[in-house]
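The structure under discussion appears below in the form of structure tokens.
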Protein chains: 2
Amino acid sequence: MANLKEFKREQILNQGIQLMMMHGYHGTGVKLLLDTVNVPKGSFYSYFESKENFTAEAITHYIEPFITRLQSYLNNSELDGLAAIKAYFDSLTQELENSDFKGGCLLGDLMGEIGGVSDVCRQALKAAINQYCTLLEQGLLSAQQQGIVRTDISPATMARLLFDAWQGALLHMKIEQSIIPLQRFSTELLDHYITN
Amino acid sequence: MANLKEFKREQILNQGIQLMMMHGYHGTGVKLLLDTVNVPKGSFYSYFESKENFTAEAITHYIEPFITRLQSYLNNSELDGLAAIKAYFDSLTQELENSDFKGGCLLGDLMGEIGGVSDVCRQALKAAINQYCTLLEQGLLSAQQQGIVRTDISPATMARLLFDAWQGALLHMKIEQSIIPLQRFSTELLDHYITN
DNA sequence: TGTATATAAGCGACCGGTCGTCTTTATTTT
DNA sequence: AAAATAAAGACGACCGGTCGCTTATATACA
């Protein structure tokens with residue numbers, strides 16, 4: 001029974017992520033969200049303390065599969081550090097093209113909408129971004145040691161720069177309804193900028 | 001009298017921009033917005049067709065001073081193309097630091113929140129971004145001709161890349177409450193990447 | 001029967017948008 | 001020039017609906 005509740009909880013999180021990527025924080029109503037996963041209105045607050053806290057959890061929940069995914073690319077011994085990172089971003093690009101640019105990135109959307117207002121969510125975003133960038137950093141460090149990536153810039157700096165540029169490219173993608181901004185990111189920054 | 005109405009109209013737009021940068025599109029109520037500029041509720045729709053159309057106009061209105069500002073830096077004959085661009089972004093950075101990272105960029109915020117949903121706003125965003133990037137392009141072209149900026153990448157590509165990376169850096173700034181992401185943009189991309 | 005959980009009904013507040021009234025301005029008639 | 005009328009614009013009350021959240025009650029389990 002506890003498992004069933006945990007399952008429902010995750011369903012709410014996943015559905016919330018989908019809706020918020022589409023309509024943002026304020027544009028996503030709790031009632032509507034719960035209806036789509038057949039959870040009674042009044043039950044929401046037995047799962048989560050508030051909408052704000054729910055969103056913070058959604059952020060943490062959202063980033064997990066991306067961490068896992070990037071991790072698995074980095075662990076692939078057939079790929080050097082840079083090739084892994086490139087393959088990872090290319091797979092994201094492919095996926096976004098297949099889904100007609102719906103969504104984008106929850107982190108980017110929420111950073112803009114409530115990043116400056118909700119402290120709870122800001123901390124969640126900060127942690128998620130840091131976790132993600134730290135992983136990128138590891139890949140870049142490997143690539144440096146393999147002699148593929150330039151060593152005059154620290155992996156930490158490069159990782160953050162790449163993250164930011166990717167977020168901007170995702171926003172641009174939404175507006176242009178095109179993967180060109182994503183491809184530009186890959187070509188210019190991964191191919192031309194950070195290589196040795 | 002027509003001037004007074006035009007003045008009020010602009011007041012609404014400016015106030016709307018401020019509120020939307022803080023709370024996003026859905027988080028900004030028409031009633032509240034009008035109260036702060038002493039315009040009666042019922043009058044809003046004599047100024048604007050709808051909230052959505054208002055927002056599209058706000059986007060266009062928002063970008064104008066940035067265009068003018070960048071333009072004036074580019075027209076400064078004491079600065080080469082690259083130095084102008086760098087000085088422009090540095091002045092923005094300075095300003096954001098002075099205002100404690102409130103705001104950020106309306107374009108970035110709205111791209112994330114409604115860029116994928118509202119066609120009217122998407123077109124306004126598209127136009128604003130294109131106008132902005134075209135200007136950047138001109139500066140980059142000058143800098144190329146002056147032998148300062150690398151010529152193996154087109155100004156159009158570089159301009160879009162810079163724009164996207166800047167947007168991402170602004171989001172990151174909000175979360176970290178720090179100008180470090182903005183400085184990283186300037187150092188890594190303007191100093192190290194695009195120079196010859 | 002007693003206790004804990006689940007939930008439907010409902011809270012006040014606010015949403016974007018409309019509508020009928022009232023004021024103001026412009027035009028016409030004396 | 002003054003008065004009467006018409007057109008235009010300003011405006012607040014109000015529309016149905018939704019917001020995030022609470023609470024009283026029903027249900028389930030001990």
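So that the names make sense, note that chain A is the first sequence line, chain B the second, and so on, each numbered from 1. Bear in mind that the values here come from a model prediction, so they are computed numbers and not experimental data.
- Rounded to whole Å, atom P of dC21(D) lies 13 Å from atom CG of L33(A).
- Computed from coordinates, the E52(B) CD to dC15(C) C1' distance equals 15 Å when rounded to whole Å.
- With respect to the salt-bridge test (charged N to carboxylate O, under 4.0 angstrom), the residues R160(B) and D164(B) do not qualify.
- Between the CG atom of L19(A) and the P atom of dC19(D) there is a distance of 11 Å, given to the nearest Å.
- Which of dA8(C), dG12(D), dG16(C) sits closest to the side chain of P40(B) comes down to dG12(D).
- Of the possible polar contacts, one joining the T60(A) side chain to the A56(A) backbone as a donor-acceptor pair under 3.5 Å is found.
- Here the P atom of nucleotide dA13(C) and the NE2 atom of H26(A) are 18 Å apart, to the nearest Å.
- Distance from the side chain of K41(A) is smallest to dA9(C) among dA9(C), dC14(D), dC11(D).
- Distances shorter than 4.0 Å separate none of the side-chain N or O atoms of S43(B) from OP1 or OP2 on dA10(D).
- For K51(A), taking side-chain heavy atoms from C-beta onward, the closest of the listed nucleotides dT18(C), dG20(D), dC19(D) is dG20(D).
- Under 3.5 Å, the side chains of S46(A) and S43(A) contain no donor-acceptor pair of N or O atoms.
- At whole-Å resolution of the value, OH in Y47(A) and P in dG20(D) are 18 Å apart.
- Within 6.0 Å of atom CD in Q177(A), more than 12 heavy atoms from other residues, nucleotides or ligands are found, so the atom counts as buried in its surroundings.
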Pair Q123(B)-K126(B), side chain to side chain donor-acceptor pair (under 3.5 Å): steps then yes or no: CA-CA 5 Å; Q123(B) 294 305 329; K126(B) 205 168 165 175; 4.5 Å; no

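- Distance, F44(A) CZ to dT23(D) P: 17 Å, rounded to whole Å.
- Here dA10(D) is the nucleotide among dT18(C), dA10(D), dT7(C) with the atom lying nearest to any side-chain atom of S46(B).
- Atom-to-atom, CZ of R9(A) to P of dA6(C) comes out at 13 Å; the value is rounded to the nearest Å.
- The side chain of K31(A) approaches dC19(D) more closely than any other nucleotide in the set dC19(D), dT22(D), dC15(C).
- Judged by closest nucleotide on DNA chain D, L32(A) is the one of E49(A) and L32(A) placed further toward the 5' end.
- Remark: C1' of dG17(C) and CG of L34(B) are 12 Å apart, rounded to the nearest angstrom.
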